[in-house]
Amino acid sequence: MATVSDQFVGYGLVIFSLVLFAYYTVWIIILPFTESDHLIHKYFLPREYSVIIPVVAGLVLLLFIGTFITIVMWKNQKSDKKSA
């Protein structure tokens, strides 16, 4: 059973993800069809950031995954040498 604090953190992450998804969806799908002088444009970054931000986030994620795999493999090699 999850504790109350675990549930709170989980709900917070779900809400954050939904808000981020809704913001990005409006930014990518709806904003190009509105006039450039519309009031809603001041709440969003320029359109080129809609590609740059996910690419950078993906590269950082791949970096962390690669680093994690490298560390785990390195530790396994060290433990295999000690046991042999």
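Only heavy atoms go into these numbers, but all of them, side chains included; no hydrogens, no water, no symmetry mates.
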Just by distance, with hydrogens left out, do S36 and H41 show a side-chain donor and acceptor under 3.5 Å apart?
no

Sequence neighbours excluded and cut-off under 3.5 Å, please list the side-chain donor-acceptor pairs for residues 42-66, or say none.
from : atom 1 : to  : atom 2 : distance (Å)
S50  : OG     : R47 : O      : 2.5

Can you sort out the partners of F8 under ring pair (Phe, Tyr, Trp, His ring centres under 6.0 Å), two or more places apart, ordered by chain and number?
none

Please answer: with hydrophobic residues joined when any side-chain heavy atoms are less than 4.5 Å apart, are V14 and F16 in the same cluster?
no

Just verifying a value: how many Å separate N76 CG and I71 CD1, rounded to the nearest 0.5 Å?
12.0 Å

Hey, quick one: are I29 and V26 part of the same hydrophobic cluster, counting side-chain heavy atoms closer than 4.5 Å, chains of contacts allowed?
yes

Here the gap from T34 atom OG1 to D37 atom CG, rounded to the nearest 0.5 Å, amounts to 9.0 Å

With a 4.5 Å heavy-atom cut-off, do L20 and Y24 have their side chains touching?
no

